[in-house]
Amino acid sequence: MEQYELYCLADRQFYDTPANRGIEDADFALCSRPVPDGWEHDAGEIWMHYAPHNPGLPLQGWKIHVSSCLGDAERALAAVWDYCVPRGLAFKVLRSESVAIMMNSKAAFRGSSGKLVTIYPPDEDHLELILKELGEILDGVSGPYILSDLRYGEGPLFVRYGAFAPQYCLSNTGERVLALADSDGRLVPDVRGPVFSTPAWVQLPSFLEPHLAARNAVTTNELDYAIESVIQFSNGGGVYLGHHRETNERVVLKEGRPFAGLDEARRDAVARMQHERDILDRLAGLDVVPEVRDYFVLGGHHFLVQEFIDASPLQRLVVGRYPLTRPEPSSDALGSYTDWALEMHAKVEAAVRALHERGVVFGDLHPDNILIDATDRLVLIDFEVATLAEQRARSVLAHPGYVAPAGRQGVDVDLYALACLCLGLFAPQTTMLLQLCPEKVHHLGQLITETFPVPKATISKAVGTIAGDKAMAALPMPGRDSWEQVRAAITRAIVASATPERDDRLFPGDIAQFQPGGGTSVAYGAAGVLYALHRTGAGRFPEYDDWLRKHALDPATGPGLYDGLHGVAHVLDQLGYRQDALDVLDRCLTQPLESRELGLHSGLAGIGLNLQHFGLRTEATQVIDLVADRLGGVDDVPEISGEGNPRAGLMFGSSGPALLFLTAYERSGDTGLLDLAETALRQDLRRCVRDEYGTLQVNQGWRTLPYLEEGSAGIALVLDRYLRHRPDDELAEALVALRRVNEAGYFVQSGLFMGRAGLIASAAMQAEASDSLIRGLAWHALPYGGGLAFPGNQLLRLSMDLATGSAGVLLALGAALHDQPVALPFLGPNRGGSSSEPLRDDWKEV
């Protein structure tokens with residue numbers, strides 16, 4: 001979630017680039033310096049890039065990173081500028097203190113966190129000289145250890161071998177990733193993990209060998225505790241399961257990294273860990289908190305040792321018990337869950353009350369910080385941000401679904417979180433929406449009491465604690481009001497959000513819209529929103545069409561269907577701008593395909609489908625052949641999707657290639673293409689697992705997925721289309737099980753790719769949509785601009801895009817309710833029937 005939090009800095013309603021965060025959050029002073037003659041400056045969302053014209057750098061090599069705490073940042077930046085500019089050394093710097101805090105927050109990626117500056121030496125001789133000279137200049141600067149790098153001496157300089165300029169290749173999982181050229185010139189993945197390593201063909205410079213030896217000299221061998229396994233990692237440090245070497249008592253060791261894991265109060269993980277130790281000492285003797293066993297420092301890292309509690313987080317128990325994620329839950333199942341949830345809430349309430357009696361405010365109450373063991377003992381964990389009640393303070397590091405409004409202080413912070421927990425046990429994650437619209441709580445309370453046999457007084461009390469009497473304005477709701485009313489309401493919200501004066505985006509959406517080409521793309525940008533508005537009959541907007549036509553040929557855009565130029569070309573053609581579409585298509589044809597993945601979203605399957613759409617038979621056939629050559633057999637894919645394996649599903653898995661083969665078959669009648677489609681579909685089905693309720697879902701090992709992007713709904717769409725051409729009893733049975741997820745009553749998100757809307761769209765395109773699926777959108781419906789809007793991924797901000805937000809909901813509802821066919825590109829109705837009869841007669845070169 002860390003990247004999403006970074007894009008929450010600028011705006012309370014929408015994800016936006018940190019560069020737009022406002023004058024009150026200024027850049028570092030260095031960033032306002034005039035760029036010297038002969039230098040170029042590229043201002044990015046996170047980094048400011050500086051380089052002389054034609055710096056003559058290699059594509060890859062040893063990079064120098066400067067780490068710094070906030071207090072030393074301005075000094076370090078000034079020193080880097082004064083050193084690098086006269087010597088013509090290219091470098092980049094984080095642009096502001098708020099970005100530096102987010103990039104080094106507890107949730108930030110721990111491998112690369114801590115970097116303030118990156119310097120690009122042209123060769124190893126310069127590397128050694130820069131480290132020596134700049135190391136002396138920066139003596140005394142303190143900063144977090146950069147885990148992916150090798151530290152030079154005891155100062156703030158670190159080194160890593162990596163790419164200087166973007167190069168790409170396909171990874172072992174079939175994904176397009178950043179690459180390095182090996183000793184033979186072949187591109188291989190540029191692995192960026194939280195441990196220092198060098199590529200196999202790269203030799204560590206001899207002057208760095210003593211520094212590697214010093215790094216390796218720090219071990220845990222002399223500790224009183226043996227570490228058995230990792231419970232979790234964060235940028236602030238790890239949490240480990242271990243035991244005392246003499247007594248064999250099992251313990252939990254919490255690690256705090258100095259200067260890392262910053263919170264809004266600018267405290268690092270060490271400061272919070274010391275604070276947690278003091279709070280736990282104050283609470284010693286309470287059964288609802290873990291006991292402290294030890295505290296020590298190793299290699300500058302602090303460790304708090306606590307008793308081990310063999311228990312599960314309440315969040316995991318909710319996921320395992322929650323009845324609405326299962327098909328057609330019975331009234332007994334709803335009643336049993338309600339009784340359990342109320343019992344759990346009462347236990348949590350009693351535990352929090354015990355803390356308050358000791359004068360402590362927990363400050364970070366949420367289901368992951370509540371443990372329940374086999375005897376039903378409840379223990380609260382993670383007291384890093386706890387405060388004393390007498391201080392009447394606010395937490396500076398809290399779960400976004402449980403964080404109290406600015407006016408709540410002291411014990412009221414915990415009482416607010418308890419009220420959110422009461423609702424969250426019945427509507428998981430939806431309390432995140434209260435940060436966008438506090439009045440939504442009344443609507444949530446109504447939905448909960450309509451769904452579960454929970455006493456209305458219990459829910460009313462929680463609702464009153466959160467929002468008082470202020471209720472959300474009445475809105476047209478899907479499944480309750482007419483399609484025309486709902487369509488108009490969603491359209492009003494989309495139009496109200498438009499920013500045609502901006503060049504980076506037209507409609508606010510997912511953070512992916514700030515990647516190259518994202519602002520125009522089908523999935524996250526203007527093309528997808530305009531496609532949804534057009535196909536659902538919501539209207540045409542010439543001003544917005546003109547924006548897309550103006551920005552369609554962004555040179556940084558890749559060729560993908562959902563994230564790039566092929567998708568833009570397809571939508572422009574759908575909107576009637578044929579010449580614009582062909583101009584974009586011409587740009588597509590200049591881009592190499594060797595490093596493209598197979599999938600529909602960004603890869604060859606989507607590209608091939610669009611080439612077929614435009615009648616480019618030769619190019620389309622080349623792509624189809626390439627996909628066929630790389631597809632492999634059914635058993636060539638692992639049974640787990642993701643987690644280091646190739647992904648399954650419509651957008652990134654084998655169902656995308658299956659759709660390509662099916663569409664080509666419908667044009668040509670070549671049954672060999674049907675054979676390939678079957679192989680591809682069986683690859684995806686191999687990565688599905690059937691549960692005890694009869695649903696077939698994509699198996700990620702630690703969870704199963706029902707969604708359109710990577711889940712049951714997307715596979716079902718393509719499998720249904722395949723079976724219309726070639727009936728098969730085994731595959732038909734699988735389709736029934738894939739569709740059974742549509743009978744569940746609750747989904748954490750509302751979006752098209754990874755939420756409820758995707759199931760609605762999939763079911764509707766198979767003539768299977770249900771009223772209950774549509775009505776369930778009410779859980780996430782929010783007001784905006786006099787209309788109806790929906791949150792994006794992570795539920796932290798509203799979104800208007802196709803993949804994650806309101807336009808996707810609009811398209812899904814159109815697929816189910818509009819009087820004309822509505823579908824995603826290439827997934828609309830087809831004639832079926834004779835496989836020897838092409839579906840189009842305009843198969844010709846453009």
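All of these numbers come straight from a predicted model, not from anything done at the bench.
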Between [X] and [Y], does any side-chain N to carboxylate O distance fall below 4.0 Å?
X	Y	answer
Arg647	Glu710	yes
Arg726	Asp728	no
Arg797	Asp510	no
Arg186	Asp182	yes
Glu678	Arg682	yes

Is a side-chain donor-acceptor pair under 3.5 Å present for [Y] with [X]?
X	Y	result
Glu5	Gln794	no
Asp332	Ser330	no
Thr173	Asn645	no
Arg257	Asn235	yes
Arg160	Ser197	no
Thr704	Gln700	no

message: Could you tell me if Arg321 sits above the aromatic ring of Tyr337, with its cationic atom closer than 6.0 Å to the ring centre and no more than 45 degrees from the axis?
response: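 Judged by the rule, Arg321 and Tyr337 form no cation-pi pair.
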- line: With sequence neighbours left out, the residues meeting side chain to side chain contact (heavy atoms under 4.5 Å, CB included) with Ala803 are Ala523, Tyr524, Phe753, Asp801
message: Holding to side chain to side chain contact (heavy atoms under 4.5 Å, CB included), I want the full list of residues that pass it with Leu187, two or more places apart in sequence or in another chain.
response: Gln167, Cys169, Ala179, Ala181
Test log, rule side-chain contact (heavy atoms from CB on, under 4.5 Å), inputs Lys115 and Ile146: CA-CA 7 Å; Lys115 299 173 186 177; Ile146 302 172; 3.7 Å; yes
- prompt: Around atom CG of Asp629, are there more than 12 heavy atoms of other residues, nucleotides or ligands at under 6.0 Å?
  reply: yes
message: Surrounding CG of Asn172 (heavy atoms of other residues, nucleotides or ligands, distance under 6.0 Å), is the total greater than 12?
response: no
When you measure from the side chain of [X] to the backbone N and O of [Y], does any donor-acceptor pair fall under 3.5 Å?
X	Y	value
Ser336	Ala333	no
Glu276	Phe383	yes
Gln683	Asp635	no
Thr431	Cys420	no
Tyr4	Tyr15	no
Arg690	Gln697	no
Ser113	Arg110	no
Arg686	Asp636	no
Ser762	Ala713	yes
Tyr693	Arg740	no

query: Taking only residues two or more places apart in sequence, or in another chain, which ones meet Glu597 in a side chain to side chain donor-acceptor pair (under 3.5 Å)?
result: none
query: What residues form a side chain to side chain donor-acceptor pair (under 3.5 Å) with Asn369, not counting sequence neighbours?
result: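 Asp364, His366.
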[X]: what forms a ring-ring contact (aromatic ring centres under 6.0 Å, His included) with it, not counting sequence neighbours?
X	answer
Tyr402	His399
Tyr161	Trp62
His301	none

May I have the list of side-chain donor-acceptor pairs in residues 307-319 shorter than 3.5 Å, sequence neighbours left out?
| from | atom 1 | to | atom 2 | distance (Å) |
| --- | --- | --- | --- | --- |
| Glu307 | OE2 | Glu291 | N | 3.0 |

Could you tell me if the side chain of [Y] sits less than 4.5 Å from the side chain of [X], heavy atoms only?
X	Y	result
Pro706	Phe747	yes
Glu255	Val239	no
Leu777	Val809	yes
Leu380	Ile370	yes
Arg756	Leu773	yes
Asp368	Ile381	no
Pro199	Leu180	yes
Arg326	Thr695	no

Tell me every residue that passes salt bridge (Lys or Arg N to Asp or Glu O under 4.0 Å) with [X], counting only those two or more places apart in sequence or in another chain.
X	result
Arg703	none
Arg739	Asp720, Glu768
Lys106	Asp382, Glu384

message: Tell me the closest heavy-atom pair linking Ser641 and Val698, and the distance in Å.
response: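 Looks like CB-CG1, 3.6 Å.
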- prompt: Where do Tyr322 and Thr325 come nearest, in terms of heavy atoms and distance?
  reply: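 Result for this residue pair: O-OG1, 3.1 Å.
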field: Worked verdict on Gln429 versus Leu795 for side-chain contact (heavy atoms from CB on, under 4.5 Å)
entry: CA-CA 8 Å; Gln429 303 299 320; Leu795 308 183; 4.1 Å; yes
query: Does the ring pair (Phe, Tyr, Trp, His ring centres under 6.0 Å) test come out yes or no for His601 and Phe652, once each step is laid out?
result: CA-CA 6 Å; His601 187 276; Phe652 300 100; 4.8 Å; yes
- prompt: CG of Leu631 to CG of Leu626: how many Å apart, nearest 0.5 Å?
  reply: 11.0 Å
- prompt: How many angstroms lie between OG1 in Thr679 and CZ in Phe661, if you round to the nearest 0.5 Å?
  reply: 8.5 Å
Residue pairs fulfilling salt bridge (charged side-chain N to carboxylate O under 4.0 Å, His left out) with at least one residue in residues 227-239, sequence neighbours excluded: Glu228-Arg250
